[in-house]
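Each chain gets a letter, A, B and so on, in the order the sequences are listed, and its residues count up from 1.
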Amino acid sequence: MKIATWNVNSLKVRLPHLLQWLADNPVDVLCLQETKLTDDKFPVADINAAGYQVVFSGQKTYNGVAILSKLPITDVVANNPRYEDAQQRILAATIDGMRIICAYVPNGQAVDSDKYAYKLAWLASLREWLADEMAAHPQLAILGDYNIAPADRDVHDPAEWEGQIHCSERERAALLALNELGLVDSFRMFEQADKSYSWWDYRQLAFRRNRGLRIDHILLSGALAARCTACAIDRAPRKWEQPSDHVPVVATLN
DNA sequence: ATGGCCACAGGTTGTGGA
């Protein structure tokens with residue numbers, strides 16, 4: 001069983017990459033972020049033809065999340081019921097006895113901006129809701145773009161990024177608060193290469209220079225962490241023509 | 001030099017992303 005997450009930065013533009021990646025990597029579950037599509041424009045037929053069921057919650061221009069699955073999808077919930085939010089950033093569903101949560105955490109733009117306050121409030125509310133969800137669903141995974149690099153080793157230049165958005169203390173504390181619920185960063189359960197990142201800026205040849213951040217994560221409850229045998233970042237699609245700035249992260253469960 | 005690149009809506013530029 002493989003579960004994965006990928007911020008595609010526009011599913012309209014990236015649909016060919018999604019279909020190619022699934023052909024190369026037939027994962028069982030894939031969470032998508034930044035689909036940027038209203039639900040009436042979601043490419044259901046193309047995804048079904050690739051062998052996946054799909055649920056989605058989108059809006060015009062911004063945000064938008066989806067869950068693809070080879071197995072049946074039930075009990076779908078869009079948004080955190082504890083947090084009134086016009087932005088479509090959360091989708092939860094039950095697949096093969098697991099609670100799968102797809103999350104697109106707010107960017108935050110700049111420390112101390114209005115968007116930063118929104119990010120922190122959103123994360124605090126997420127934590128409250130996840131406590132409920134974990135109690136109801138011992139086998140839980142929350143996959144997505146967290147827009148937070150957990151530690152300096154997840155940042156290409158920690159001095160340049162110190163205190164900046166994605167790396168600030170309050171953001172990292174909000175992520176740690178999720179760990180304190182019992183959610184484990186599956187990537188760090190295993191030995192990994194140094195300078196492993198999941199996002200690179202489009203500018204300044206950042207990918208070629210490996211100037212990136214690791215901000216896309218798969219967090220697992222204890223019951224799922226006990227089943228996890230691997231977690232890897234797939235850099236391949238970042239080399240394709242007209243790529244997303246993020247790449248997929250894949251966790252393997254037995 | 002505080003921008004560089006990309007996607008989007010919509011219009012000859014601004015906003016958001018990270």
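Taking the six-membered ring wherever Trp is involved, the centroid distance between the rings of A/W240 and A/W21 does not fall below 6.0 Å.
Using a 4.0 Å cut-off, no side-chain N or O of A/K60 falls inside it from OP1 or OP2 of B/dA9. Remark: A/R14 is in phosphate contact with B/dA7, judged by side-chain N or O atoms under 4.0 Å from OP1 or OP2. In this structure, A/N147 reaches the B/dA18 phosphate: one of its side-chain N or O atoms is under 4.0 Å from OP1 or OP2. Look at A/N7 and you'll find a side-chain N or O under 4.0 angstrom from OP1 or OP2 of B/dA18. Using a 4.0 Å cut-off, no side-chain N or O of A/Y202 falls inside it from OP1 or OP2 of B/dG3. Between A/T61 and B/dT15, a side-chain N or O to OP1/OP2 separation shorter than 4.0 Å is absent.
In this structure, A/K239 forms no cation-pi arrangement with A/F207, as its terminal cationic atom is not both closer than 6.0 Å to the ring centre and no more than 45° off the ring axis.
B/dG11 and B/dT2 are spaced 27 Å apart, taking the C1' atom of each and rounding to whole Å. A distance of about 23 Å separates the C1' atoms of B/dT12 and B/dG17, rounded to the whole Å. One P atom belongs to B/dA1, the other to B/dT13, and the distance between them is 25 Å to the nearest Å. Distance check on atom P: B/dG3 versus B/dG14 gives 13 Å, rounded to whole Å. When the P atom is compared between B/dG10 and B/dT15, the two are found 14 Å apart, to the nearest whole Å.
Nucleotide B/dA18 holds its P atom 16 Å from the OH atom of A/Y116, rounded to whole Å. Protein atom CD of A/Q204 is 15 Å distant from nucleotide atom C1' of B/dA18, rounded to whole Å. Atom pair A/D245:CG and B/dG16:P shows a separation of 17 Å (rounding to whole Å applied). Following rounding to the nearest Å, A/E241 (CD) and B/dA7 (P) show an atom-to-atom distance of 11 Å. Following rounding to the nearest Å, A/Y62 (OH) and B/dC6 (C1') show an atom-to-atom distance of 13 Å. Nucleotide B/dA18 holds its P atom 17 Å from the CZ atom of A/F207, rounded to whole Å. Regarding A/L205, its CG atom lies at a distance of 9 Å from the P atom of B/dC5, rounded to whole Å. Following rounding to the nearest Å, A/E160 (CD) and B/dG3 (P) show an atom-to-atom distance of 15 Å.
A/Q164 comes within contact range of no nucleotide atom at all, as no heavy-atom separation falls under 4.0 Å. Note on A/Y146: nothing from the nucleic acid sits closer than 4.0 angstrom, heavy atoms only. Residue A/D216 is out of contact with every strand shown, counting any heavy-atom pair closer than 4.0 Å.
For A/R238, there are no salt bridge (charged side-chain N to carboxylate O under 4.0 Å, His left out) partners, not counting sequence neighbours.
When the nearest nucleotides of DNA chain B are assigned to A/Q242 and A/D201 by heavy-atom distance, the more 5′-ward of the two goes with A/Q242. Heavy-atom nearest nucleotides on DNA chain B were determined for A/L11 and for A/H246, and the one closer to the 5' end corresponds to A/L11.
For A/N107 against B/dA18, a side-chain N or O and a base N or O form a donor-acceptor pair under 3.5 Å.
Within 6.0 Å of the CG atom in A/D194, the count of heavy atoms belonging to other residues, nucleotides or ligands does not exceed 12. The local environment of CD in A/E160 is crowded, with over 12 non-hydrogen atoms from other residues, nucleotides or ligands closer than 6.0 Å.
For A/W199, the listed nucleotide lying nearest its side chain is B/dA18; candidates were B/dG17, B/dA18, B/dC8.
Atoms CG and CD1, on A/L130 and A/I90 in that order, are 7.5 Å from each other to the nearest 0.5 Å.
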